[in-house]
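To find a chain, count down the sequence lines: A is the first, B the second, and so on, and within it residues start at 1.
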Amino acid sequence: MSNLSSFMNQWVYTDTVKDHFMNPKNLWRKEENFEPDGVGEVGSLACGDQMRVGIKVKDDRISDLRWLTYGCASAIASTSMMSEMAIGMTLEEAYHLTPNMITDALGGLPEHKFHCSVLGDKALRAAIDDYLARQGRENPFKKKVAKIICECKGVTDQQIEDLVKTDKAKTLEDLRQLTGYGTGCGKCKAEVAEYFDEMKHIYAK
Amino acid sequence: MDNRIVYLDNNATTQMAPEVTEIVERSSDLYGNASSMHDFGRKAYAGIDWSRKELAALIDASPDEVIFNSGASEGNNTVFNIARDLIDGGSARNRVVTTTIEHPSIIETVKFLKRRGYRIDEAPVDITGRLDMDKFRALLGPDVLLVSVMTGNNETGTIQPIAEVTRLAHEAGALMHTDATQAIGKIPVTAHTWGVDYLTLSGHKFYGPKGVGALYVRSGAPFEPFVNGGHQEGGRRAGTYNTVAIIGMGKAAELARLTQQDEHDRLWAMREKLRKGLEERIDNIVVNGHPVECLPGTLNVSFPSAEGESILLYLDMSGIAVSTGSACATGSLEPSYVLLASGLDVELAHGSIRFSFGRFNTDADVDYVLEKLPPIIERLREMSTR
């Protein structure tokens, strides 16, 4: 159990984080009757953070966005910051938004709080996926953001994310059997394991 | 109501009592090494002697059974080191029984010893945090060397039946240790009456200085020093006496002994006022721990759909200091192991807040929290996905 004094010593939030935490922007209020063109939800209450993002799209640009977050101050602030950054972006730009871009805009987060900021962009991407699916359109952005982690077997971060998201890879062993990662030179193992844990944290039901 | 500063994290640590601060300041003249034979040393030793008697009176022990050290973490490590030493020495009894909800200074020591092959079992607790006595009994046997069960839990406040646990441990022929750190000054802590062999405590949990504590070792109980290298404490704990801190803790012990019953009633009244007030003002809350067998100043509450770290930080902005069992506040991905071990749903553990009252809190503090907290929970729930 942590206490107030450990907060003061170990991680001091920037003023920007504090502002977004105290006065979240583009919050999804019930009374507003916001009608999104696409909705994405990631994370789980059991994991300690969950986000839902709704977007309105006009001419392939995000014209408006609303969000809800169950989570800590970092999670709330990074969703709020993400919302400000994403509005006005083209779908392609929004799809390329990364946790780093969000935390940079927040003036940084303490290192061990970084994992609290990785949900915002995933929820946004899920909302764009949903929007394109509703339109019956192919997703032209997916491949572009994929990064190869296991060079020997050509396994990408996107692939790992999808396999975890769809519950096909419940364990690292499942993932190895499905993709063959780490069975060549083996140097990717630590990175895959780390990324897998992160994805499990985000998508675990 | 005007803004105020409300410190409700007294289970983490306490502010020194004014009487303690005063004696600490006066004791700064006692800079002689208490082990020296000259006048400077003798005066310092007299102060330590007085403090030892105060500690002994507080915990129902003899002065020579009190060993001064740096605090309960050291005390707990010392006790487990005694068990380890006996096992290494070929003791026929070579198993330790403890619980799933001990302080990290025991939980981590247990993990360390298990990695090295020592046999240690953790008895489970029920949803109120009370030891499951049937399962505990089933773990006892002729191979058990040491039983270690905390008196009162730091997170939930749940109190264990130490006299009963000690009786069972002794019936099985085992030594008995209790970590009484959170209980001191709040409920009677009675080493002789309970019959325990070892008992640990820290000065800073009952308005004494930080970095000082005491270990009770029953006269005749096996002992092995954890810190070697000096003749202090009868060769039981090396290191130059921290005279000022020890005297400060002695004063705190005297205050605790004189005020314990009144403090108990006052803390419990504030705790209950807060519990009832929160239940009246906020829908859907869960009070954790035992409803009656609970340290008087501790209230642990879960707020579904509101996350603990966010609650803590909003309260902090209002000048209220509490702690949380949320994972986000610990830097790990796992929330409070104490709440999880009690069988609490993981989401409820993430949304848990511990309020811990102390000597300097008043009813006005409770009113202030009751004014500030409901809108914070409402706001976070509006923000939440569920």
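Contact annotation for K30(A): neither backbone nor side-chain heavy atoms come within less than 4.5 Å of a heavy atom of chain B. Heavy atoms of Y314(B) lying under 4.5 Å from chain A belong to its backbone as well as its side chain. For M22(A), the parts lying near chain B are the backbone and the side chain together; criterion is any non-hydrogen pair under 4.5 Å. Residue L45(A) touches chain B through both its backbone and its side chain, counting heavy-atom pairs closer than 4.5 Å.
Applying the side-chain hydrogen bond (donor to acceptor under 3.5 Å, both in side chains) test to R381(B) and every residue at least two apart in sequence or in another chain returns nothing.
Using cut-offs of 30° and 60° on the angle between ring planes, the pair F141(A) and Y95(A) is tilted.
For the residue pair N300(B) and S352(B), the shortest heavy atom distance occurs at OD1-CB, 3.8 Å. Summarising the geometry of G248(B) relative to P209(B), their closest heavy-atom pair is C-CD, 3.7 Å, with the distance given to 0.1 Å.
Using a 4.5 Å heavy-atom threshold, the side chains of L91(A) and I62(A) count as touching.
With chain A as partner, the option from G351(B), A306(B), P104(B) having the largest number of non-hydrogen pairs under 4.5 angstrom is A306(B).
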